[in-house]
Amino acid sequence: WAGFGAAKHLSSQGYKVTLIDAAKNVAGASAKWETASGRTMEAGMKGLWRQYNNIFAMLDDIGVDQNATLTDWTGSSFWSKRGIEVDYPTLGNKTRLPSPLGQFIYTLPTFKKLSVTDRLSLWRLFYSVIDYESDYEKYDSMTVHQLFTSNGVSEELYQTFIRPLLLAMLFGPPEELSAAAIIGTFMFLALGHQDDFDVKWCKGPASEVIFRPLVAQIQEKGGKVLGGTPLVDIELGDDGCVQAVVARDEAGEELRITADAVVMCVGVGSMKRLVSSVPALGEREEMRRICNLRSSDCIATRIWFDRRVETRSPSNVMADTWQDVGATFFNLNDLHDEYSSPDHPSVVAMDLYHTQSLMSLPDDELIRSLHRLLVRSEPGFRGAKILDSCVVRAPQCATLFSPGSYRNRPLQVTSIPNLFLAGDYVRENPRHGADGLSQERALVTGLLAANKVIHREGLGRPARVIPVDADEPLIAAAKSLNAYAKASPFIDFPPKRRNPLFPRRRGKLF
């Protein structure tokens, strides 16, 4: 998303753009794969949440009919070994209430097993939500588990809802995630506004719905898009600027591309390999610090069954699978036009996150295990036979925002004057607000990197970067009051005592 966003805008402003991608089918994590029998799948489902303002604007700009290519806003179901835990509804069609009160009120009847007391314990985090931006590195230094423990959040809520949600949203267990990263992600995708967690899905593979017209527009503007062409070296001139990049084409031949500016939009795993192999990067401390960042393995699967089985929701989160592994499943008959006819047998996408412990598991054993997990949530699949399946393993494909990672994340401007960085792990200045592992964040950093090229070269107009919707009045007022209290020499704030409204209950809270 970052690379295509930068390439699209720069090509539209008269720049001669060459986009190189190590993947043969360019589209990053959205590329298509095929089974031995010719059935297609994409490497992971891609949701578009309410706050993806820049992605929705880009789709309009490249002529994508969103009504025809995207689903309506959808909700999700959350499952554990106990069965259904939550049916999280769409909230955009409800009367608007202050956030997060609206989310709490409208989901009261949708939690099937958690008590209201358990759910109310989440309000203990409200102060952290309004305070974390004022001391980001402090919150970044602690784990999510420490944050929840210190605030006395219900263990039942944490284990059955929060933990599996974090594994699916940030691709790691709470013990390995930065508290600052998760607060930012929750504010962006769920808590900032009542309807933020509403999501749309592509009605077909994202590589066809989104990236095919995107590539076409870049090429129409004179840009080149080269798949199967990994970067192998960066050449610097006497002035310390990049003068050329060296790639390797599909035939194994080196391809030298001269450049006035370079935007690097690779993931953490690939960037660490490049820092180790490209001298121009490895000799710089800011680049070497990237090697301290962590990344997570993921597995995408798709299963074709011999019969149609209706499911409770089109998108679902699963708890209690493998230890420290996140899991989701999607009913593609409800999401993709290709499988939507009433007589089409079920096709299910099942994606797994933080899968280091599963990467060596044979495909057939993995698929059998996933079938059993699917039956646990949707018993209708018990008698369904598997006709075909596909497994795509993606090692080190996603950033894992671990505690203390913020200080190692690079800025977009580097010590090489005409080399800029983009991707979900970079630090933009000022912060935009699109946080976490989101396509929106990647696109935003790509557009911001394009703007830095324009500022340096003096050619073209900067891209319009749409901000995240402003804080709602309740949250904005609380942030202002917190800032005033912390700055005042007459107020001891925040108070050290626990909130008397939510006393601990032995055996129930952390």
Side-chain angles (χ1 to χ4, degrees), residues 47 76-88 100 103-104 107 110-125 128-129 132 139-140 142-191 197 294 296-299 313 315-329 350-358 370 373 376-377 398-403 405 435-437 504-505 507-510:
S76 303
S77 291
F78 295 75
W79 304 83
S80 73
K81 60 186 177 183
R82 305 188 304 183
I84 185 66
E85 294 283 349
V86 187
D87 285 319
Y88 201 96
Q103 295 93 313
F104 179 80
T107 59
T110 70
F111 279 77
K112 310 303 179 182
K113 298 176 175 64
L114 281 169
S115 70
V116 173
T117 303
D118 286 324
R119 295 181 57 207
L120 278 172
S121 71
L122 194 61
W123 283 82
R124 294 173 180 270
L125 297 178
S128 297
V129 166
Y132 86 103
Y139 285 90
D140 184 62
M142 70 175 74
T143 69
V144 175
H145 183 263
Q146 289 169 334
L147 176 70
F148 278 65
T149 300
S150 63
N151 284 279
V153 173
S154 158
E155 184 174 7
E156 189 81 1
L157 174 69
Y158 175 84
Q159 293 292 348
T160 61
F161 182 65
I162 299 297
R163 198 172 197 278
L165 185 61
L166 293 182
L167 279 161
M169 289 178 66
L170 279 175
F171 297 7
E175 297 80 8
E176 299 179 24
L177 292 173
S178 153
I182 190 56
I183 296 173
T185 301
F186 272 8
M187 284 299 295
F188 175 53
L189 293 179
L191 297 179
F197 203 59
R294 296 177 58 192
S296 187
D297 298 348
C298 297
I299 299 176
S313 295
S315 60
N316 304 266
V317 177
M318 304 176 74
D320 305 318
T321 56
W322 293 270
Q323 183 176 356
D324 293 340
V325 174
T328 54
F329 72 89
M350 302 188 76
D351 294 340
L352 304 174
Y353 320 99
H354 196 257
T355 59
Q356 288 84 320
S357 62
L358 301 180
L370 290 175
L373 288 172
R376 188 185 72 183
S377 298
T399 307
L400 194 147
F401 293 100
S402 58
S405 60
D435 282 333
L437 293 171
R504 287 180 180 273
R505 292 186 297 153
K508 190 64 176 178
L509 304 180
F510 280 118

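Side chains included, hydrogens not; waters and symmetry mates left out as well; all remaining heavy atoms used. These numbers come from a predicted model, not from an experiment.
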Residues Gln356 and His354: closest non-hydrogen pair is OE1-C, 3.1 Å
query: Should Leu166 and Pro173 count as side-chain neighbours, where that means a heavy-atom distance under 4.5 Å?
result: no
Ala190 and Phe197 have their tightest heavy-atom pair at CB-CD1, 4.1 Å
May I ask you to say whether Arg294 pairs ionically with Glu176, meaning some side-chain N is under 4.0 Å from a carboxylate O? yes
Assess whether a salt bridge exists between Arg163 and Glu155, defined as any Lys/Arg side-chain N lying under 4.0 Å from an Asp/Glu carboxylate O. no
Smallest heavy-atom separation, Ala168 atom then Tyr353 atom, equals CA-CD1, 3.7 Å
CG of Leu120 to CG of Leu114, rounded to nearest 0.5 Å, is 11.5 Å
Q: Decide yes or no for His145 and Tyr158: does some side-chain heavy atom of the first lie under 4.5 Å from some side-chain heavy atom of the second?
A: yes
Closest non-hydrogen atoms of Ala327 and Leu352, given as atom of the first, atom of the second and distance, are CB-CD2, 3.6 Å
Under 4.0 Å between a side-chain nitrogen and a carboxylate oxygen: does that hold for Asp87 and Lys112? yes
Note: Leu373 and Met318 closest approach over all heavy atoms is O-CE, 3.3 Å
Next on the checklist: With heavy-atom distances below 4.5 Å as the criterion, would you say the side chains of Val325 and Ser357 are in contact?
Outcome noted: yes
Distance col, row Phe78:CZ vs Thr160:OG1, nearest 0.5 angstrom, shows 11.0 Å
Strictly distance-based, threshold 3.5 Å: is any side-chain N or O of Lys113 a donor or acceptor partner for the main-chain N or O of Ile84?
yes
Trace of the side-chain contact (heavy atoms from CB on, under 4.5 Å) decision for Thr117 with Ser154: CA-CA 8 Å; Thr117 303; Ser154 158; over 6 Å; no
Inset, instruction - Report yes if the side chains of Leu125 and Phe186 come closer than 4.5 Å at any heavy-atom pair, otherwise no. - result: no
- Query: What orientation do Tyr132 and Tyr139 show, parallel under 30°, tilted 30 to 60°, or perpendicular over 60°?
  - Reply: perpendicular
One should read off an interatomic distance between Asp140 CG and Ile182 CD1, to the nearest 0.5 angstrom, of 12.5 Å
Residue pair Thr328 / Met350, side-chain heavy-atom distance below 4.5 Å: no
